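Okay, structure first, notes after.
Source: prediction; values computed, not measured.
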Amino acid sequence: MNRFLSIILSALACTLYNNIYAQTVEVNSEGRDTSYVASITSRSEKNISGLELAEPAKTNVRNLVINRYFELNDIYAERDTLINQAKRNLTGDEKNRAIDAARSACDSKLYRSHFAFPANLGIYLSHEQIIAIFDAMTYNKVQVTYDAYCDMIPSLTDEEKAQMYAWLCEARDLAIDAESSNKKHEVFNKYKGRINNYLSARGYDITQERKAWEERVKARGGTL
């Protein structure tokens with residue numbers, strides 16, 4: 001009896017999964033400028049281009065990425081509208097409270113939506129594939145920065161490399177929700193400062209290491 005029930009439940013679970021998998025993810029483009037939609041669509045297609053996906057997963061994943069860009073834009077646009085209204089219509093402490101409230105509301109919406117994005121991608125992708133999309137959406141800064149530090153300081157220990165990589169992954173997790181490319185780069189620059197402080201505390205002279213690195217790169221015909 002238990003085995004029969006288990007088979008029935010497994011069949012129902014497979015049916016439900018297949019139904020979800022087969023559903024089409026629609027692009028939330030209503031009311032948006034067509035050129036903006038085209039730009040985000042092109043960017044999203046590039047972000048998933050490294051994945052070998054069959055239909056309908058390919059289109060659904062692309063559309064999830066598109067909708068995430070739209071969602072972030074809407075969250076930040078609402079924050080900016082509320083802040084601008086406060087600056088125009090309020091003064092003193094009342095204005096400051098309204099601005100703080102707008103920023104807090106923005107942070108809350110970002111937090112609530114942060115986990116839904118990878119969860120939705122997880123219907124179609126493995127964890128490794130999701131990370132690949134996150135890397136693409138953050139300009140592959142994790143690997144680029146990690147490789148640069150390893151090239152700059154060849155004597156880094158495995159422990160130091162592991163700590164550095166962990167911080168860069170943390171930076172990616174924050175940068176994925178940033179409102180612009182500049183803000184994404186700012187997140188990574190903040191963590192690069194943390195890495196520099198960490199390495200300096202462990203006896204590395206970052207200024208001298210970078211100078212020697214520049215000379216090595218120049219000698220092999222490259223530039224930084």
Is the number of heavy atoms from other residues, nucleotides or ligands within 6.0 Å of CG (Asp158) greater than 12?
no

Verify the neighbour count for atom OH of Tyr111: are there more than 12 heavy atoms of other residues, nucleotides or ligands below 6.0 Å?
no

Which pair of non-hydrogen atoms, one from [X] and one from [Y], has the smallest distance, and what is that distance?
{"X": "Leu82", "Y": "Ala102", "answer": "CB-CB, 3.7 Å"}
{"X": "Ala86", "Y": "Ile99", "answer": "CB-CG1, 4.0 Å"}
{"X": "Ile75", "Y": "Ser113", "answer": "CD1-OG, 4.1 Å"}

Check against side-chain contact (heavy atoms from CB on, under 4.5 Å), Ser44 and Met137:
CA-CA 8 Å; Ser44 300; Met137 294 178 71; over 6 Å; no

Are any non-hydrogen side-chain atoms of [X] and [Y] less than 4.5 angstrom apart?
{"X": "Lys58", "Y": "Ile48", "answer": "yes"}
{"X": "Thr223", "Y": "Lys218", "answer": "no"}
{"X": "Val25", "Y": "Thr59", "answer": "no"}
{"X": "Thr145", "Y": "Tyr191", "answer": "no"}
{"X": "Cys169", "Y": "Met164", "answer": "no"}
{"X": "Ile195", "Y": "Leu168", "answer": "yes"}
{"X": "Leu121", "Y": "Phe134", "answer": "yes"}
{"X": "Tyr198", "Y": "Arg202", "answer": "yes"}

Atom pair [atom1] ([X]) and [atom2] ([Y]), whose distance is rounded to the nearest 0.5 Å:
{"X": "Ser29", "Y": "Ile66", "atom1": "OG", "atom2": "CD1", "value": "9.0 Å"}
{"X": "Asn189", "Y": "Lys183", "atom1": "CG", "atom2": "NZ", "value": "12.0 Å"}
{"X": "Asp151", "Y": "Glu209", "atom1": "CG", "atom2": "CD", "value": "11.5 Å"}
{"X": "Ser104", "Y": "Arg79", "atom1": "OG", "atom2": "CZ", "value": "11.5 Å"}
{"X": "Asp177", "Y": "Tyr76", "atom1": "CG", "atom2": "OH", "value": "6.0 Å"}
{"X": "Lys161", "Y": "Tyr146", "atom1": "NZ", "atom2": "OH", "value": "5.0 Å"}

Where do Glu78 and Thr81 land on the side-chain hydrogen bond (donor to acceptor under 3.5 Å, both in side chains) test, with the steps shown first?
CA-CA 5 Å; Glu78 181 182 29; Thr81 296; over 6 Å; no

Determine whether [X] and [Y] fall in the same hydrophobic cluster, where Ile, Leu, Val, Met, Phe, Trp and Tyr are linked whenever their side-chain heavy atoms lie under 4.5 Å apart.
{"X": "Ile206", "Y": "Val217", "answer": "yes"}
{"X": "Leu174", "Y": "Phe117", "answer": "no"}
{"X": "Val61", "Y": "Ile40", "answer": "yes"}
{"X": "Leu64", "Y": "Val37", "answer": "yes"}
{"X": "Tyr149", "Y": "Val187", "answer": "yes"}

Pair Gln143, Asp147: side-chain N/O donor-acceptor within cut-off below 3.5 Å:
yes

When Leu51, Asp135, Leu125 are each screened for side-chain contact (heavy atoms from CB on, under 4.5 Å) with Ile130, the one that passes is Leu125

Arg210 vs Glu215, salt bridge (Lys or Arg N to Asp or Glu O under 4.0 Å): CA-CA, chis, key distance, verdict
CA-CA 9 Å; Arg210 182 173 181 83; Glu215 292 174 353; over 6 Å; no

Using atom types as modelled and distance alone, determine if a side-chain donor or acceptor of [X] lies under 3.5 Å from a backbone N or O of [Y].
{"X": "Ser39", "Y": "Tyr36", "result": "no"}
{"X": "Asn60", "Y": "Gln23", "result": "yes"}
{"X": "Asn28", "Y": "Asn67", "result": "no"}
{"X": "Ser42", "Y": "Ala38", "result": "no"}
{"X": "Glu160", "Y": "Thr157", "result": "yes"}
{"X": "Asn84", "Y": "Asp80", "result": "yes"}

Go through the steps for Met152 and Glu214 under the test side-chain contact (heavy atoms from CB on, under 4.5 Å), then give the verdict.
CA-CA 8 Å; Met152 180 174 72; Glu214 290 175 346; over 6 Å; no

May I ask you to decide whether Asp173 forms a salt bridge with Lys184, counting only side-chain N to carboxylate O separations under 4.0 Å?
no

So, are Arg32 and Asp74 salt-bridged, with charged N and O less than 4.0 Å apart?
yes

Phe188 ring center within less than 6.0 Å of Tyr139 ring center:
no

Let's go through Tyr204 and Asn196 carefully: what are the C-alpha distance in whole Å and the side-chain angles of both, what is the deciding distance for side-chain contact (heavy atoms from CB on, under 4.5 Å) to 0.1 Å, and is it a yes or a no?
CA-CA 9 Å; Tyr204 294 97; Asn196 288 343; over 6 Å; no

I would like to know whether Lys95 and Asn89 meet side-chain contact (heavy atoms from CB on, under 4.5 Å); could you show each step before the answer?
CA-CA 8 Å; Lys95 179 183 73 173; Asn89 303 322; over 6 Å; no

Apply side-chain hydrogen bond (donor to acceptor under 3.5 Å, both in side chains) to the pair Gln129 and Tyr124, showing each step before the final yes or no.
CA-CA 9 Å; Gln129 289 173 316; Tyr124 310 99; over 6 Å; no

Run the salt bridge (Lys or Arg N to Asp or Glu O under 4.0 Å) test on Glu71 and Lys109 for me, step by step, so that the C-alpha distance in whole Å, both residues' side-chain angles and the decisive distance to 0.1 Å come before the verdict.
CA-CA 10 Å; Glu71 183 178 32; Lys109 289 180 180 179; over 6 Å; no

